[in-house]
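Sequence lines set the chain letters: A, B, ... in the order given, protein chains first and strands last, and positions in each chain run from 1. Just so it is clear, the model here is predicted, and its values are computed rather than measured.
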Amino acid sequence: MSVVTRFAPSPTGFLHIGGARTALFNWLYARHTGGKFLLRIEDTDRKRSTPEAIDAILAGLEWLGLQWDEEPVYQFSRRDRHAEAAQTLLDKGLAYRCYCTPEELDAMREKAKAEKRSMRYDGTWRDRDPSEAPEGVDPVIRFRAPQEGSTVIEDVVQGRVEVANSELDDLIMLRADGTPTYMLSVVVDDHDMGVTHAIRGDDHLTNAFRQTQIFQALGWEPPVFAHIPLIHGADGAKLSKRHGALGVEAYRDMGYLPEALLNYLCRLGWSHGDDEFFDIQQAAEWFDISGINKGAARFDFDKLANLNGRYIDAADNERLFALALPGLEEAAGGALPEEVKSRVLAGMNSLKSRADTIPQLVENALIYVRSRPLEFTEKASTLITPESRALLGELAGDLEAVNDWSEETVDGAVRAFVEKKDLKLGAVAQPLRAALTGTTVSPGIFEVAAIFGREETLARVREVATG
RNA sequence: GACCCCAUCGUCUAGAGGCCUAGGACAUCAGCCUUUCACGCUGAAGACACGGGUUCGACUCCCGUUGGGGUCGCCA
């Protein structure tokens, strides 16, 4: 039987990082097995579901390149089918109408809390005659859960997990307004969609028991469950916004590449030996549920940044330029002249090896964007002394004589100048760097000079030399 | 609180009873390279939570303790 996995987010917010990894694992497993990866939008909560959230989730998956198969299933559109399943259970005596009001339930909850018990519906209407139903109360439909014995799930990540049925109460399947709740919808949809493997967050583990019971009541085979560990923040607590619980678009905006985020997410809770750096196709080839860990993992921005730096290094220059352009234009306060654009592009190889994120790339590229007269950083201005000005003035003469302006010829000219003056290379190269870039940090200064060209280089050097 | 899950360097992890003197990656530190900053290279420091078993032998299996997490909604 061919594998069918699914990602089933509720559209109440963006695609957060934990959801992205859940989607990724489902995608990987489907690709690995040659099966299908389905998308289901769990929008049965009409109050909290929004079209904006749906768009954000779809956009997030697309940005990551996690393409789903077939049309997304919108759960709410299947409400009649869910109600039908509830009716089936009602007919079979495996469900019943409960006339407790939300207020009564609240009271039950309060009481349980006061007695330090976990809240369990007390079964008031489980065996009560419907003729006793109060006037004017729309009933909910509750599942008549087994009270004896236990329910077992054979989780492929967590192993065999068993819970006594006495721990589980009669959950609500249909609300008073007749709409289905999550617990019912998931079961019906997973069955109807032919889902064979439910790979989802560990927080659903306890739900799996109730869902298994519903599957059994309906006479259906539950999917294979794989409850993957959660992602925690750097402090080990639940992932907070401060610690990375952001939408994937926030990672995009922070300058991370999708392939880097994907690689990082793969390694969070899953491993293939000592392999660290690999693309998603490679991961799909290797991916197996047996490689998933049981313990929660902490989110580590440092490692993500390192990985991102490597992917930036490997990325196409034109692509990086396009990603950096908005930031460069913002810094420049307007559109970039063609001349500046080609400088940035020409210097991209060196620029990208120094950047871990796109904002860093932008920052590094700014040396080609700033125009004369240059402003100098504090460190750079300490390099501009009467002596170095004189030196640069002399150097300008030598540079003017350079034929065939290039990194190599500038290099040669400066080294010859250094030798002539019996100086160390740094004594000239550093002031030169300051003069050309206004900073003390940049790619190789001969490369920078080559990119600026003879005219611009001389102009900058002379500007400093003459004070 | 009840139920359930988890536990190897600071972090992500390798490890399926002898291959372990516990390996790799990130981060940290030192050195090399070097015109700066990076990159790169070399090296250092750094972990099996604790206590009992089982076994000739336990990071690996079992039990307990401790610690962490999840769930307990007419949310998903």
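Pairing partner, B:G40: B:C32, with both Watson-Crick or wobble hydrogen-bond distances short of 3.5 Å. Under the Watson-Crick and G-U wobble criteria, each requiring two contacts below 3.5 Å, nucleotide B:G1 is paired to B:C72. B:G57 is unpaired under the Watson-Crick or G-U wobble criterion, no partner having all donor-acceptor distances under 3.5 Å. The base-pairing partner of B:A25, taking Watson-Crick or G-U wobble contacts with both distances under 3.5 Å, is B:U11.
A:R298 comes within contact range of the sugar-phosphate backbone alone, with a heavy-atom separation under 4.0 Å but no base atom that close. Using a 4.0 Å heavy-atom cutoff across all strands shown, A:A297 reaches sugar-phosphate atoms only and no base atom. Using a 4.0 Å heavy-atom distance criterion, A:S271 is classed as a sugar-phosphate-only contact. Residue-level contact check: A:T181 touches the backbone only, with heavy atoms under 4.0 Å from sugar-phosphate atoms and none from bases. Nucleic acid contact for A:N207: base, since at least one base atom lies under 4.0 Å from a heavy atom of the residue. Nucleic acid contact for A:P443: base, since at least one base atom lies under 4.0 Å from a heavy atom of the residue. Using a 4.0 Å heavy-atom criterion, one finds that A:C266 contacts no nucleic acid atom at all. Residue A:I172 is in base contact, counting any heavy-atom pair closer than 4.0 Å across all strands shown.
You won't find any donor-acceptor pair under 3.5 Å spanning the side chain of A:N306 and the base of B:A27, going by distance alone. For A:K294 against B:C6, a side-chain-to-base donor-acceptor contact under 3.5 Å is absent. One donor-acceptor pair, N or O on each side, does fall under 3.5 Å between the base of B:G23 and the side chain of A:D274.
Between the side chains of A:N165 and A:T151, at least one donor N or O sits under 3.5 Å from an acceptor N or O.
In this model, the phosphate group of B:A76 is approached by a side-chain N or O of A:T44 to a distance below 4.0 Å at OP1 or OP2. Taking side-chain N and O atoms only, A:R415 has a distance below 4.0 Å to OP1 or OP2 of B:U35. Dashed line: the shortest gap from a side-chain N or O of A:R109 to OP1 or OP2 of B:G73 is under 4.0 Å.
In this structure, A:K303 atom NZ and B:G10 atom P are separated by 15 Å, rounded to whole Å. As rounded to whole Å, 19 Å separates atom P of B:C72 from atom OH of A:Y121. Rounded to whole Å, the distance from CH2 on A:W270 to P on B:G24 is 20 Å.
A residue-by-residue look at A:D203 and A:D302 shows that A:D302 has its nearest nucleotide of RNA chain B further toward the 5' end.
Between B:C59 and B:U71, the distance separating the two C1' atoms is 30 Å to the nearest Å. Between B:G15 and B:U8, the distance separating the two C1' atoms is 9 Å to the nearest Å. The P atoms of B:G10 and B:C50 are separated by 13 Å, rounded to the nearest whole Å.
When the options A:R81, A:R79, A:R78, A:R6 are evaluated for a salt bridge (charged side-chain N to carboxylate O under 4.0 Å, His left out) with A:D189, the one that passes is A:R78. Exactly one of A:R97, A:R210, A:R126 qualifies for a salt bridge (charged side-chain N to carboxylate O under 4.0 Å, His left out) with A:D170. That residue is A:R126.
Between A:F225 and A:H227, the ring planes are parallel. Angles under 30° get that label, and only those over 60° would be called perpendicular.
Aromatic ring centres of A:F277 and A:Y311 lie closer together than 6.0 Å.
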